[in-house]
Amino acid sequence: MEFSFFYREEMITEAKQTDFDLLVIGGGITGTGIALDAALRGHKVLLVEKNDFAYGTSSRSTKLIHGGLRYLKQLEFALVKEVGSERAIVHKLAPHLVIPEKMLLPLREKRGYGSLLTSFGLKLYDWLAGVTGKDRRLMLTRRQTLRREPLLKKDDVKGGALYAEYRTDDARLTIEVAKKAFAHGALVLNYCKAERFEYENGKVAGAVIRDVLNEKNFTVKAKVIVNAAGPWVDTLRKEDGSLQGKRLHLTKGVHIVVPRDRLPIRQAIYFDVAEDSRMIFAIPRGDKTYIGTTDTNYSDDIDGVQTSREDAEYLIRGVNESFPGADLKLRDIESSWAGLRPLIHEEGKSASELSRKDEIFESESGLISMAGGKLTGYRKMAERVVNLVEKKYLPPFKVKGSLTVGARLGDGAFINYKSVRKYLLALKKRFRRIGLDESHAHYLVNTYGKQSDLIMERFNESDEPVLELRLLLAELWFAVHYEMVGSVQDFLIRRTGRLYFDIHSVRTFGKDVVDQMANYLKWSEAKRDSEFVALEEAIHRCVVFKQ
Ligand code: FAD
């Protein structure tokens, strides 16, 4: 059975007939991470996701695998140590997808911490995370800083620092973890919503699941249930009647995307916004630069979070103050996304002050909920939950302890970053011969790793004359057959990131994608039309801001 919609009915039948050890609710990085950890230990796992994998926060982050420098300021040493150390591990697990990126931190007159404190802070950051050799922080003079980034406002730069982080694609990381869990025997279903719990002797023993696509309910049995529903965690705790004590505090974070030539920074930069001293990132990705994030309290509809004009203007002002030559305007924004941080509420603390630490809540009924945390720390978070499950609810099965540290991600995974670069060079050569721009080779390798081989085989079989479209359709074929894609947005947002980073291709080829998917998945005329309308709406949400 492949990880494809072609086998969805079979999977649902299996879900109905199996007694699971563990039911995981939520297909973000937290839920897929837990499913993988438990499956590797030999447990029978079912994961259900009400929309697409990574539909929630896990496709809307800053897309960094980072230690969280600013958490040092909040004296969260344990958090910095854990996520800092995890960076190198996650890079090893997926070197094509978690890519080293030096971050530039400019130091400004009368702002921030000054050179001495920054130097000490970064040294501590490296030390906590075990960073060694060339990756250790490097302090820069004013001249060196401006040489590295000539676009910075010259008047007040007094120096800078370079430190090591990694960039990634959050949704791709999530789908690769989901695929790995499936490969190790977990049943992993998108578009299946946990509606309510089933109890035996007052303890959770299963759930009623709604197959959202066919509008039918079915029941599943599980010895243990983990609620990894991100911003929706409290909705499920409420359903369980156990929403007491600590609760979630949602904060909204927005990113905007502009053409690289409108903010042609040479590398990723972490800088402060003058008006409120908050730190934001500007990160180059292909021929775009993305900027974020905001951090504001949110109490509106969780499924309807959107960038507002105020969010976009704040980020534009922040950029223009630090890079005055850019003179960015709202109309330069090509795309955007907004996500919700599922943080734990702390009385009297502002959005930015809330801890990013993960926490586990256990209810009287045995429902285990996990909230907070970071994309970066997903592996350790999963380990903690599955350890708890084994300690209190299930005896360890075949193996003791987590095995995820050795579970490389992406079919035919690379052994290291050097082999990624070698593969990329060969693909670039091939692309030059075919007449495709080299940037497509970068995109393909960073998105799919060695799975690009399968995509290129399909590409070679096609006679579509427009090469860009031929490549896109080969990717679609791969996504439909191996990545459980069930809607056009699954493909254009969460498998390829195109809606954010190449919206032009979505506008140009969106209809071709809808038509081809309709053929693959045998959609009716009405379904085809509704997918097209939904895609238009998704484009609209990225570019037209809420007042
Ligand atoms: P989600 O990704 O939201 O997943 C929960 C899933 O549960 C959703 O897909 C939802 O559809 C599903 N669900 C809900 N209810 C049900 C139900 N009843 N039945 C079935 N499924 C259900 N972290 C980093 O490490 N690096 C960063 O650069 C970074 N940047 C960030 C920037 C922003 C703006 C934000 C908001 C967060 C950022 N984070 C970052 C944090 C990180 O993104 C989150 O910690 C992480 O993605 C949370 O994942 P999750 O799986 O817990 O939640």
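Just so you know, ligand 1 is whichever comes first in the structure, and atom 1 is the first atom listed for that ligand. Reckoned from all heavy atoms, side chains included, excluding hydrogens, waters and symmetry mates. Keep in mind that what you see is a predicted model, and the values were worked out from it rather than measured.
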Whether Lys223 and Asp21 form a salt bridge (side-chain N of Lys/Arg under 4.0 Å from carboxylate O of Asp/Glu) is what I want to check.
yes
Run down the list Ser58, Gly230, Gly377, Gly28 and name the one with the heavy atom closest to atom 48 (C) of ligand 1.
Ser58
In terms of side-chain geometry, is the basic nitrogen of Arg172 or Glu483 positioned less than 4.0 Å from the acidic oxygen of its partner?
yes
Which residue supplies the protein heavy atom nearest to atom 35 (C) of ligand 1, what is that atom called, and how far is it?
Arg341 CG, 3.7 Å
Select the closest option to atom 1 (P) of ligand 1 among Thr235, Asn190, Thr174, Thr57, judged by heavy-atom distance.
Thr57
Ligand 1 atoms in contact with Thr293 (distance to a heavy atom under 4.0 Å)
34 (C)
Ignoring hydrogens, just give me the one of Asn227, Thr30, Asp52 whose non-hydrogen atom is nearest atom 50 (P) of ligand 1.
Thr30
One should read off an interatomic distance between Asp211 CG and Tyr191 OH, to the nearest 0.5 angstrom, of 12.0 Å
From Asp311 atom CG to Ile316 atom CD1, the distance as rounded to the nearest 0.5 Å:
12.0 Å
Any atoms of ligand 1 less than 4.0 Å from a non-hydrogen atom of Trp232? List them with their elements.
3 (O), 8 (C), 10 (C), 14 (C), 15 (N)
Taking Glu362 first and then Lys392, would you say they form a salt bridge - that is, a charged N and a carboxylate O separated by under 4.0 Å?
yes
Out of Pro231, Gly253, Ala229, the nearest non-hydrogen contact to atom 5 (C) of ligand 1 is supplied by Ala229
If you draw a 6.0 Å radius around NZ in Lys102, do more than 12 non-hydrogen atoms from other residues or ligands fall strictly inside?
yes
Can you report which non-hydrogen protein atom sits closest to atom 23 (N) of ligand 1, along with the distance?
Leu375 N, 3.2 Å
Report the part of Ala371 in contact with ligand 1, treating N, CA, C, O as backbone and CB onward as side chain, heavy atoms under 4.0 Å; options are side chain, backbone, both, neither.
neither
Which segment of Thr376 sits under 4.0 Å of ligand 1 when only heavy atoms are counted:
both
Work out whether the distance between some heavy atom of Cys192 and some atom of ligand 1 is less than 4.0 Å.
yes
of all protein heavy atoms, closest to atom 17 (C) of ligand 1 is Ile25 CG2, 3.7 Å
Spell out, as yes or no, whether a donor-acceptor pair under 3.5 Å connects the side chain of Arg167 to the backbone of Pro100.
no
Under 4.0 Å to a heavy atom of Lys63 - the qualifying atoms of ligand 1, by number:
28 (O)
For the residue pair Lys63 and Tyr500, confirm or rule out a side-chain donor-acceptor distance under 3.5 Å.
no
Would Asp234 and Lys238 satisfy salt bridge (charged side-chain N to carboxylate O under 4.0 Å, His left out), going step by step from the backbone distance to the final call?
CA-CA 6 Å; Asp234 279 357; Lys238 199 165 164 197; over 6 Å; no
Which residue and heavy atom of the protein sit nearest atom 9 (O) of ligand 1, plus the separation:
Glu49 OE1, 2.7 Å
If you measure from each non-hydrogen atom of His66 to ligand 1, which part falls under 4.0 Å: side chain, backbone, both or neither?
side chain
At a 4.0 Å threshold, what atoms of ligand 1 neighbour a non-hydrogen atom of Val48?
20 (C), 21 (N)
Please confirm whether Arg60 makes a cation-pi placement over Tyr55, using NZ or CZ under 6.0 Å from the six-membered ring centre and within 45° of the ring normal.
yes
Checking Arg87 against Tyr125: charged group under 6.0 Å from the ring centre and within 45 degrees of the axis?
yes
Which protein heavy atom lies closest to atom 45 (O) of ligand 1, and at what distance to 0.1 Å?
Gly373 O, 3.1 Å
min-distance protein heavy atom vs atom 20 (C) of ligand 1 -> Lys50 N, 3.2 Å
With heavy-atom distances below 4.0 Å as the criterion, list the atoms of ligand 1 near Gly26.
6 (C), 7 (O), 12 (C), 21 (N)
Short N/O distance, under 3.5 Å, between Thr62 and ligand 1?
yes
Arg237 charged N/C atom sitting above Phe361 aromatic ring, 6.0 Å / 45°:
yes
Under 4.0 Å from a heavy atom of Arg60: give me the atoms of ligand 1 that qualify, with their elements.
33 (C), 34 (C)
If you have a sec, work out which protein heavy atom is nearest atom 19 (N) of ligand 1 and how many Å separate them, to one decimal?
Ala194 N, 2.9 Å
Over 12 foreign heavy atoms within 6.0 Å of NZ, Lys527:
yes
Return the closest protein heavy atom for atom 39 (N) of ligand 1 as residue, atom name and distance.
Ser61 CB, 3.9 Å
Between Lys380 and Glu82, is there a salt bridge with N-O shorter than 4.0 Å?
no
Ignoring angles and geometry beyond distance, decide whether Pro342 reaches within less than 3.5 Å of ligand 1 through its nitrogen or oxygen atoms.
no
Quick one: does ligand 1 sit under 4.0 Å from the side chain of Leu340, the backbone, both or neither, non-hydrogen atoms only?
backbone
Mind checking whether His255 has a heavy atom under 4.0 Å from ligand 1?
yes
Between Thr251 and Asp295, a side-chain donor and acceptor under 3.5 Å:
yes
Atoms of ligand 1 close to Tyr55 [distance to a heavy atom under 4.0 angstrom, numbered from 1]:
9 (O), 11 (O)
Do other residues, nucleotides or ligands put more than 12 heavy atoms under 6.0 Å from the CD atom of Glu310?
no
For ligand 1, which part of Leu64 has a heavy atom less than 4.0 Å away: the side chain, the backbone, both, or neither?
both
